[in-house]
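Here is how names work: the chains are called A, B, and so on, in the same order as the sequence lines, proteins then strands, and each is numbered from 1.
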Amino acid sequence: MRHWLFKSEPDVFGIDHLAACPDGTDSWDGIRNYQARNFMRDDMKVGDRGFFYHSNTKVPGIVGTVEIVREAYPDHTALDPTSNYFDPKAKPDVPRWVMVDVAFRSRYAEVIPLAILRETKGLEAMPLVQKGSRLSINPVSKAEWKIIEKLATVA
DNA sequence: GCCAACGTTGGC
DNA sequence: GCCAACGTTGGC
């Protein structure tokens with residue numbers, strides 16, 4: 001089992017949106033970055049766990065956890081001209097983009113701020129804490145996962 | 001709102 | 001295949 005980190009803007013789709021979905025489950029659509037797509041397509045398996053990270057907000061940080069409940073399949077929003085995520089280069093026979101389904105698992109009582117993650121020993125190698133990191137899906141090592149879970153207080 | 005860093009596009 | 005221009009991300 002692997003671990004991941006999913007970034008999302010809470011104003012667009014935050015952890016509360018996910019928790020409110022039927023079964024707390026929704027598709028992680030709209031990924032339009034090849035590296036992030038490849039992680040989903042090639043490496044994510046059902047049962048993998050992930051942190052939910054809020055970006056582009058007052059206090060960016062980790063707010064809870066999710067679990068992968070469906071492996072990669074075509075992201076249909078790329079084919080929908082009315083979608084924000086429409087990609088004219090995507091075709092039904094060549095989907096170009098994929099998504100996975102994730103299920104809400106926990107919400108932390110308090111956000112674990114990026115500033116704290118930066119200060120925490122053992123997390124120096126995380127892409128998230130690197131300057132200029134924009135990758136929306138990051139792999140997380142088992143050791144990093146444990147360190148971060150210890151920082152968390154589950155609501 | 002600013003702006004640095006990044007990924008993608010497209011002309012050549 | 002290079003690389004400048006562009007649009008986007010995301011912390012601050």
Indicate, with a heavy-atom threshold strictly under 4.0 Å, whether A:K58 touches base, sugar-phosphate, or nothing.
-> nothing
Does NZ or CZ of A:R70 lie under 6.0 Å from the centre of the six-membered ring of A:Y73, at an angle within 45° of the ring axis?
-> yes
Mind listing the N/O atom pairs, protein and nucleotides 7-9 of chain C, below 3.5 Å?
residue : atom : partner : partner atom : Å
C:dT8   : O2   : A:R134  : NH1          : 3.2
C:dT8   : O2   : A:R134  : NH2          : 3.0
C:dT9   : O4'  : A:R134  : NE           : 3.4
C:dT9   : O4'  : A:R134  : NH2          : 3.3

If you measure from CG on A:L117 to CD1 on A:I62, what distance do you get to the nearest 0.5 Å?
-> 5.0 Å
Among the candidates C:dG10, C:dC12, B:dG10, find the nucleotide nearest to the side-chain atoms of A:S55.
-> C:dG10
Looking for any heavy atom pair under 4.0 Å, which part of the strands does A:R118 touch: base, sugar-phosphate only, or nothing?
-> sugar-phosphate
What's the closest nucleotide to the A:K131 side chain, out of C:dC12, B:dA5, C:dG10?
-> B:dA5
To the nearest Å, give me how far apart CG (A:N138) and P (C:dG10) are.
-> 9 Å
Got a sec, which residues hit ring pair (Phe, Tyr, Trp, His ring centres under 6.0 Å) with A:F13, two or more places apart in sequence or on another chain?
-> A:H17
Output the distance between atom CZ (A:F51) and atom CG (A:N138), rounded to the nearest 0.5 Å.
-> 11.5 Å
Toward the 5' end of DNA chain B, by each residue's nearest nucleotide, A:K89 or A:G132 = A:G132
NZ/NE/NH1/NH2 to OD/OE distance under 4.0 Å, A:R96 and A:D87 = yes
Applying side chain to side chain contact (heavy atoms under 4.5 Å, CB included), name anything that partners A:V111, two or more places apart in sequence or on another chain.
-> A:V59, A:V63
